[in-house]
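Along the sequence shown, residues carry numbers from 1. Note that ligands are numbered from 1 as they come in the structure, with each ligand's atoms numbered from 1 the same way.
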Amino acid sequence: MDKTMNMQQNTNGVTRGSDAFDVVIVGSGFAGLFMLHELRKRGYSTKVFEAADEIGGTWNLNRYPGARCDIESMQYSYSFSDELQQDWHWSERFARQPEILRYLNHVADKFDLNKDIQLNTRVTSIVYNENQSKWTITTGHNDRVSAKYCVMATGCLSVARDPKIPGLDQFKGNIYRTTNWPKNDVSFIGRRVAVIGTGASGVQCIPMIAKQAAHLYVIQRTPNFVIPTDNKPVDVEYEKDWKSNYNQRRSQMLQSSGGIFYDYDDDTLRVNMTDRERFEIAWQRGGLSFFTAFKSRLNDNTIKQTITYLIHEKIREIVRDPVVAAALLPYDHLFGTKRPCVAGQYYDTFNLENVTLVDIRHTSIDKITEKGILIDDKLYEIDDLVLATGFDAVIGSLLNIDIHGRSKQTLREKWTIRPRTLLGIMIADFPNLFTITGPGSPINLSNMIPHIEENVKWIIKCIDYLNTHNIDSIEAKIDGQNAWMDHVDLVASQLSYSADSFAGNDSNILIKPSSCMRYAGGLHNYLNMCEKVTANGYEKFFLLKRSP
Ligand code: N01
């Protein structure tokens, strides 16, 4: 239904009315919620569309057993409200998915955000009207609204990727996806289960499923480095310490490469410590702060080789069967050239009698049958199949929407060869459309929450600037965008980051980015560059003045 618009000018000179908004936000995860909060605080009329039946984005959908954040809870949280960070109590050092979702619901309630969020509504198209400098947003219910600005808070990890394995639809048992786990409890007690995929999600659910299943087959194509967690309940002293030093630590996080505060690094560890001693301390402490024990040398391939060697040694120590241990050793990349996984008890799981590792690096799954998985003529009979095969990451959620920019060009056409943005925030030919943690930003190479918060602040500052300077639209310049993506590639190659380590290389990704999608030079450097662009009056962007 095409609704009649009832428009008027607000004090910012922006059109608004019952179906016309200053800003439409797509998505209600960490990014969408904070964006809404900040826009409303400044008086911009804002509407959020959310496809799911609950807020929370990735943290709503990824309910698989063992789902947990690999950044410490005190740091994987909003910094914008001191009252919020003082009041909220995290129960575990690394929060589980249900607690993170409770936190997001608490934030939405506390700041009265729900009233501007429309759930169960998928945005299907977003079309730019050049004459009016406005976007028309259409939903799956055929609602149509307009907005001066669009903010894509669609998340990097929201579109599931099913593997293209013949016969998947023939399987008669249950199929579960880590990317979209059912809300009801799933029991694997007494069941024969297979998990396909050993990425960040797979390695977290495997130890949990192994505790219940009669037998678990782990189908592994590429082994990853899996760092343990020193997860434990948050104790009173630790919490008190964080809550009394939050401001200082949050700003230290922004000055770090990973957006993480660490209370130890290679400077604070003993100077004459051997690499093995450093490694042992880091391994015991676990989590992503593992990196910091070698912080100042991580650009050096020798230390990457040393850490790789020491982790291999650890795996051989933990896993009793030498053949299984050998199959679990990452072989195609050095430590530090791909985001490592974090999970408790991962390698120990392969000592359990009821767990079988099926290594398919030299072969592939022939097909799925009614009864199970056929690999090299051997049928693994199962009752339940868990697909931990990941996401059409970063670009999937954007390309799923029919986005038409200037001259009716579609984003899909623009990104045929590779996704291109300026700073991961704006795209040439798509004026007034912002992407939070878009391709070309650090994405999950840093703590996502400070990254999201800083992107939101940049966008808010930009919209305020446009309004106070009577500017109608902002748009990335093509040469600025190309220069940014060249820089992203250069940094990735300097650090030996593999181009497709995140994008996935499965054949069902329609558009295969040929280069790195993430800025690997560190959150601190990225934010400095964003700040510089703003300070220089939005260099590398076109600013079009409003006609008198
Ligand atoms: O997905 P992935 P994910 N046959 O793409 C395998 C974040 N995250 O959901 O490597 C057999 O990493 C594939 O094998 P290969 C985190 O940012 C964070 O696990 O392509 N196997 C791989 O093993 C992460 O980067 C947290 O050879 C097939 C796996 O499936 C991102 O999410 C927790 C296959 C996919 O791994 C994505 O992680 C969870 C096939 N046909 C996730 N197709 C934390 O904060 C694919 N695979 C802790």
Side-chain angles (χ1 to χ4, degrees), residues 30 57-59 61-73 75-76 94-97 100 155-168 176-181 194-206 208 217-229 231 258 260 286-288 328 330-333 338-344 346 357-368 373-375 385-394 396 437 442-449 451 497-498 500-509 517-518:
F30 267 98
T58 298
W59 290 110
L61 299 173
N62 284 246
R63 295 166 181 252
Y64 61 85
R68 186 186 287 287
C69 188
D70 54 9
I71 310 253
E72 291 186 22
S73 328
Q75 312 196 33
Y76 195 82
F94 294 90
R96 288 193 311 128
Q97 173 273 332
I100 299 175
C156 308
L157 303 169
S158 39
V159 179
R161 181 173 67 194
D162 264 8
K164 278 204 163 172
I165 302 173
L168 192 56
Y176 301 103
R177 291 166 177 82
T178 50
T179 47
N180 200 350
W181 200 263
V195 175
I196 302 180
T198 51
S201 309
V203 303
Q204 285 190 330
C205 71
I206 285 163
M208 305 300 289
Y217 298 101
V218 175
I219 317 293
Q220 172 195 267
R221 189 163 68 182
T222 315
N224 283 301
F225 292 97
V226 185
I227 308 291
T229 45
N231 191 33
I260 297 175
L288 282 188
L328 287 166
Y331 63 90
D332 67 336
H333 64 284
K338 182 178 173 186
R339 194 183 197 272
C341 303
V342 175
Y346 180 66
L357 179 68
V358 184
D359 183 15
I360 59 165
R361 78 185 68 178
H362 299 303
T363 177
S364 61
I365 298 169
D366 299 330
K367 64 174 177 179
I368 311 266
I373 305 180
L374 191 69
I375 301 170
L385 173 61
V386 175
L387 297 177
T389 43
F391 299 87
D392 186 352
V394 189
T437 64
I443 311 180
N444 72 338
L445 293 181
S446 80
N447 181 351
M448 293 289 281
I449 311 307
H451 180 355
Y497 249 88
S498 62
D500 63 356
S501 65
F502 190 55
N505 51 12
D506 228 3
S507 51
N508 58 340
I509 300 288
M517 281 217 272
R518 294 171 293 174

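- Considering backbone and side-chain N/O atoms, T178 never comes within less than 3.5 Å of an N/O atom of ligand 1.
- Between atom 39 (C) of ligand 1 and the options F94, Y64, F391, Y76, the minimum heavy-atom separation is to Y64.
- With sequence neighbours excluded, the residues that form a side chain to side chain donor-acceptor pair (under 3.5 Å) with R63 are E54, N60.
- Across R161, R68, Q97, heavy-atom proximity to atom 5 (O) of ligand 1 is greatest for R161.
- Of the residues listed (L387, I365, I196), the one engaging L168 in a side chain to side chain contact (heavy atoms under 4.5 Å, CB included) is L387, and it is the only one.
- Under 4.0 Å from ligand 1, heavy atoms of T222 appear from its side chain as well as its backbone.
- Using a 4.0 Å cut-off between heavy atoms, C341 makes no contact with ligand 1 at all.
- Interatomic distance, L61 CG to Q97 CD, rounded to the nearest 0.5 Å: 9.5 Å.
- At most 12 heavy atoms of other shown residues, nucleotides or ligands fall within 6.0 angstrom of atom CZ in R96.
- Using 4.0 Å as the threshold, L157 has a heavy atom nearer than that to some atom of ligand 1.
- For the pair A200 and ligand 1, the shortest N or O to N or O distance falls below 3.5 Å.
- Under a 4.0 angstrom heavy-atom cut-off, V342 registers as lying outside contact with ligand 1.
- One distance of note links OH of Y176 with SG of C205; it measures 12.5 Å at 0.5 Å rounding.
- Nearest-heavy-atom check against atom 13 (C) of ligand 1 across R221, R177, M448 picks out R221.
- Annotation: T198 places an N or O atom under 3.5 Å from an N or O atom of ligand 1; distance criterion only.
- Interatomic distance, SG of C156 versus CE of M517, reported as 9.0 Å (0.5 Å rounding).
- Under 4.0 Å from ligand 1, not a single heavy atom of T179 appears.
- Residue W59 places no N or O, backbone or side chain, under 3.5 Å from any N or O of ligand 1.
- The heavy atom nearest to atom 30 (O) of ligand 1, out of those in I100, T389, N444, is found in T389.
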Stepwise side chain to side chain contact (heavy atoms under 4.5 Å, CB included) test for E72 and I260: CA-CA 9 Å; E72 291 186 22; I260 297 175; over 6 Å; no
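- Taking OG of S446 as the start and CE of M448 as the end, the distance is 7.0 Å to the nearest 0.5 Å.
- Side chains of T178 and Q204 form no contact here, defined as non-hydrogen atoms less than 4.5 Å apart.
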